[in-house]
There are 2 protein chains.
Amino acid sequence: MSPRRSYDQYCSAARALDVVGDRWTLLIVRELLAGPRRYTDLHADLPGVSTDVLASRLKDMERDGLTTRRRLPPPGAAYVYELTPRGSELLPVLQALGTWGQAELGERRPTDAVRAHWFALPLLRDLEGEGLVEVRLEEGEFHVYVGAEGGPVYGDGPAPAEPDARLALDTGTCTAVARGESSVPDAVRDGRITVTGDGTLAKALREG
Amino acid sequence: MSPRRSYDQYCSAARALDVVGDRWTLLIVRELLAGPRRYTDLHADLPGVSTDVLASRLKDMERDGLTTRRRLPPPGAAYVYELTPRGSELLPVLQALGTWGQAELGERRPTDAVRAHWFALPLLRDLEGEGLVEVRLEEGEFHVYVGAEGGPVYGDGPAPAEPDARLALDTGTCTAVARGESSVPDAVRDGRITVTGDGTLAKALREG
DNA sequence: CGGCATCCGTGACGATACTG
DNA sequence: CAGTATCGTCACGGATGCCG
C-alpha cells in the first residue's frame, strides 16, 4: 500500500485535499451517496475511469475511512462498497462544488455522459423539509431522501417505499434546475414540474 | 495551450472538478483569497509546488476565468495575480473542504508548513456580522473581512485600515479553533481570545 | 531578483488484456 | 463479476538556465 501523498500543510482544506483531492475520488463519493454499489456498477456509472484506478481509489478510500467493503448475503452474494458516516459528511463539499459548477454546466455536449441520479444533488439543494421523494425523468427514475441524516441520500430507480411526494419533469426543466436557472418551487408554480402525493412534502411543494 | 481534460459528465460537480480538480488549483485560490499576489509570493506560500506547475496553473486559471494578471504601477512594477469575482465564488468550496478537513487536521507534523493566514478560513467561519478584524498570533498577523462580498476575504499582515475589532490568541487556542474543538465565541468567553476595539463587531464578540 | 521555460526522473493515469 | 497485470503516455516535482 502506497503511503498517501500529502501537501504537508497545516491547513484543514489542504488536509481534506490530501484525502479527497485525487482524480475520481469525489465522483466515487457522489456515486456512493446513492447507497451501496458493486464494483461493476460503479465502473459503469463512472465512464472514463480505468479499472485499476477505480480499484486503487476504493482501497485508498477504505484505508482513509470513507468507505467500507461488505459482502452481500446470498443469493447474489457480491461485494458492495458503501460510505461510512465520515464519507457521507462529504455531501456539503459536493453541494458546494455543484453549486459553483452550475455556471459551468452549459449545454450538454455530445461527449457528455448522463445518469438520472446526477440530478439528485441540484434537486436536493432546492427541497426543504423531510421525507422520501420519487423523481421521474425521461432519462430514468430516482429518489431522494430529503433531510436525511445517515445512510443513502438518494438512489437509482423508484423509491423503495411509498414516497411522500412524486415529481415528474421533462429534460428541459431538469437541466434548467441543474443549471440554477430555475428553482424547484418556481418550476412547480409554472407547471413544469408535476407534483403528486399527499404527504406534507407534496402539499408544501404544491402550495409554494 | 493544452485543451482542458474533462470528465465529460453532464453534472455540475463534475464540471467544477474539470476546472478546479487539478492538483494545487484550490490551494492557489486559497492563497489569492488573501488578495493580489505576485508569482514569487505564491511560490513561497505554497511549499512543494514546482515552478512550472505553478505557472501552468496560473495560465489555466486565467483561461478559465478564475484569475486575472495585472501589472502593478511603478515603483515596484510587477505582475500580480488576483481572483475574478467568479474565482472568489469558490470560497464556499474551500469552506466546505475546510470544515470536513478539521477532523483530519490532528497535531501539527514536523513536515507541515504553516502560514498565519491559513487560520483565516476557520476563524471566518465562526465570525458573524460585518467588518474588518485584525488577528494577532504568535506566528504572525493577518486580517479578515467579515461578510465581504467582492475583493479580498483576508490578508497577511496588519489591517490596512482601522479594524472594527482586534483579536489576540495563542497557538493552542488557534489550532483548537482550526480543529473545530472550540468556537471563537467560546474562546472569547473563556478568555483565551482577547478582543479589543469598540466597533459593533468587537462589542458583539465580547458580549457573546 | 522576479518570472518563468526547459530538462529530466518518477509516479499517476488511461486503455486493453487477462485471470480466479 | 471483480478485479490484477501490463504498458504507453502524461502529469508532477526538483533542478537548472535564461531573460528582462
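Letters go in sequence order (proteins before strands), and every chain restarts at 1.
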| request: Look at the rings of H43(A) and Y39(A) and say which category their plane angle falls in: under 30° parallel, 30 to 60° tilted, over 60° perpendicular. | output: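 If you compare the ring of H43(A) with that of Y39(A), the planes turn out parallel.
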Would you indicate which nucleotide in [options] comes nearest to any side-chain atom of [X]?
{"X": "V53(B)", "options": "dC7(C), dG14(C), dC12(D)", "answer": "dC12(D)"}
{"X": "D22(B)", "options": "dT4(D), dG14(C), dC12(D)", "answer": "dC12(D)"}
{"X": "W24(B)", "options": "dT4(D), dC12(D), dG13(D)", "answer": "dG13(D)"}

| request: List for me each residue that meets side-chain contact (heavy atoms from CB on, under 4.5 Å) alongside A113(B), sequence neighbours excluded, and say none if there are none. | output: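 Partners of A113(B) under the side-chain contact (heavy atoms from CB on, under 4.5 Å) test: P47(B), R115(B), W118(B).
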Any N or O donor-acceptor pair under 3.5 Å from the base of [N] to the side chain of [X]?
{"X": "T51(B)", "N": "dA5(C)", "answer": "yes"}
{"X": "S56(B)", "N": "dA11(D)", "answer": "no"}
{"X": "D52(A)", "N": "dA15(C)", "answer": "yes"}
{"X": "S50(A)", "N": "dT16(C)", "answer": "no"}

| Going by an N to O cut-off under 4.0 Å, is there a salt bridge joining E82(A) and R70(A)? |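 Yes.
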| Taking it one step at a time, do R4(A) and D18(A) satisfy salt bridge (charged side-chain N to carboxylate O under 4.0 Å, His left out)? | CA-CA 8 Å; R4(A) 184 167 56 194; D18(A) 284 345; 5.8 Å; no
At under 4.0 Å, does any side-chain N or O of [X] touch on OP1 or OP2 of [N]?
{"X": "R23(B)", "N": "dG13(D)", "answer": "yes"}
{"X": "K59(B)", "N": "dG3(C)", "answer": "no"}
{"X": "R5(B)", "N": "dC13(C)", "answer": "no"}

| request: Mind listing the residues from residues 32-48 of chain A sitting with a heavy atom below 4.0 Å of DNA chain C? Number order is fine. | output: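 Heavy-atom cutoff 4.0 Å gives G48(A).
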| task | Determine whether the side chains of T194(A) and R136(A) contain a donor N or O and an acceptor N or O closer than 3.5 Å. | result |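 No, because no side-chain N or O of T194(A) sits under 3.5 Å from a partner of the opposite role on R136(A).
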| query | Taking atom types as modelled, is there a side-chain donor on E138(A) or T171(A) under 3.5 Å from an acceptor on the other? | reply |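 Present: a donor and an acceptor within the cut-off.
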